[in-house]
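For reference, the structure discussed in these notes is given below.
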Amino acid sequence: MLKQKHLLGLEDYPAKDIQTIIDTAFNFREVLDRPIKKVPSLQGVTIVNLFFENSTRTRISFELAQKRLSADTVNFSASSSSLKKGESFKDTAQNIEAMKIDAVVMRHPTPGAPKHLTQFIDAIIINAGDGTHEHPTQAILDMMSLYEKFGRLDGLKIGIIGDISHSRVALSNIYGLTTMGAEIKVCGPPNLIPNFLQDMDVKYNSSLDEVIEWADALNVLRIQKERMGRGLIPSTREYRATFGITDERLKKHKKEIVIMHPGPMNRGVEIDGVIADSDQAIILDQVLNGVASRMAILYLLCGGKVNHGDD
Ligand code: CP
């Protein structure tokens with residue numbers, strides 16, 4: 001079992017618990033390869049997916065993970081809820097909990113919203129991405145995918161490329177990977193590299209070519225186009241030329257390097273389509289491992305809620 005009741009982020013998350021989640025996820029990966037991809041582990045557990053922000057991968061992945069574990073699931077979409085009539089976040093959550101639920105998976109645009117929720121409901125809370133803060137389940141699936149590829153995390157050299165300042169994927173990966181003994185270099189426009197990295201075990205290099213030479217794997221972040229309008233990122237053409245994972249750039253390096261991307265991708269901007277579709281990219285493995293990782297997280301956090309009455 002895990003030390004913490006909730007999964008809110010990977011800052012200060014114990015290495016032992018990250019390893020337990022990854023090991024359990026590999027067991028569930030085996031379930032996903034069976035003709036009948038379902039186990040009764042969370043029968044009787046009710047989980048609400050509370051999404052206040054758009055999602056494709058995380059939402060479907062959590063829902064599939066819950067169904068594969070035989071949990072009862074309910075999906076909540078803010079855009080079609082009574083929030084639109086002015087009901088508060090707190091009232092919404094407390095009303096949902098009054099219907100006897102066990103866990104909430106929440107995505108919210110406000111950093112810290114999942115932690116805030118723990119103050120007024122008793123259910124287990126899992127952070128599915130809170131603004132620019134953390135996306136812990138993405139980092140767990142990324143670490144599982146690296147583990148699958150390299151057989152270890154300790155000593156791996158990982159480059160994280162792009163807008164680090166606004167990326168919850170970057171921050172959770174930095175926390176998780178450094179805890180597990182990996183080395184990290186970040187690379188991106190200098191104005192999008194947060195100052196607090198100086199106090200962490202993370203190096204910055206503005207040269208993508210140098211980071212490619214150094215790294216075992218690159219985690220390529222989505223360029224959030226809304227930031228271009230605010231002048232934080234130059235034109236997409238300029239961004240691609242300086243920080244894009246292009247076919248020409250990788251060919252020049254003549255080295256095996258694993259390419260990751262959390263999705264959604266801007267093909268032709270931060271990554272060329274031909275690279276995303278190549279054998280060196282493990283992007284769809286990440287997606288599959290996302291289901292297994294989320295099964296593991298749900299099982300380890302909510303499994304204690306189940307009493308099958310057979311002992
Ligand atoms: N990687 C990720 O969080 O994707 P979605 O926004 O589609 O969930």
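Counting from 1, the numbers follow the sequence of the chain as shown. Note that ligands are numbered from 1 as they come in the structure, with each ligand's atoms numbered from 1 the same way.
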### I275 side, atom CD1; L218 side, atom CG - distance, nearest 0.5 Å
10.5 Å
### Query
Out of curiosity, I161 CD1 to I223 CD1, how far, rounded to the nearest 0.5 Å?
11.0 Å
### Query
Under a strict 4.0 Å criterion on non-hydrogen atoms, which protein residues are in contact with ligand 1?
S55, T56, R57, T58, R107, H135, Q138, P262, G263
### Message
Are there over 12 heavy-atom neighbours, none belonging to F28, within less than 6.0 Å of that residue's CZ?
### Response
yes
### Query
Can you find a side-chain donor-acceptor pair between N289 and S145 that sits under 3.5 Å?
yes
### Message
Does either side chain, that of E134 or that of S172, offer a donor lying less than 3.5 Å from an acceptor on the other one?
### Response
yes
### Summary
So ring pair (Phe, Tyr, Trp, His ring centres under 6.0 Å) across residues 39-59, not counting sequence neighbours, yields F52-F76, F52-F89, F52-H108
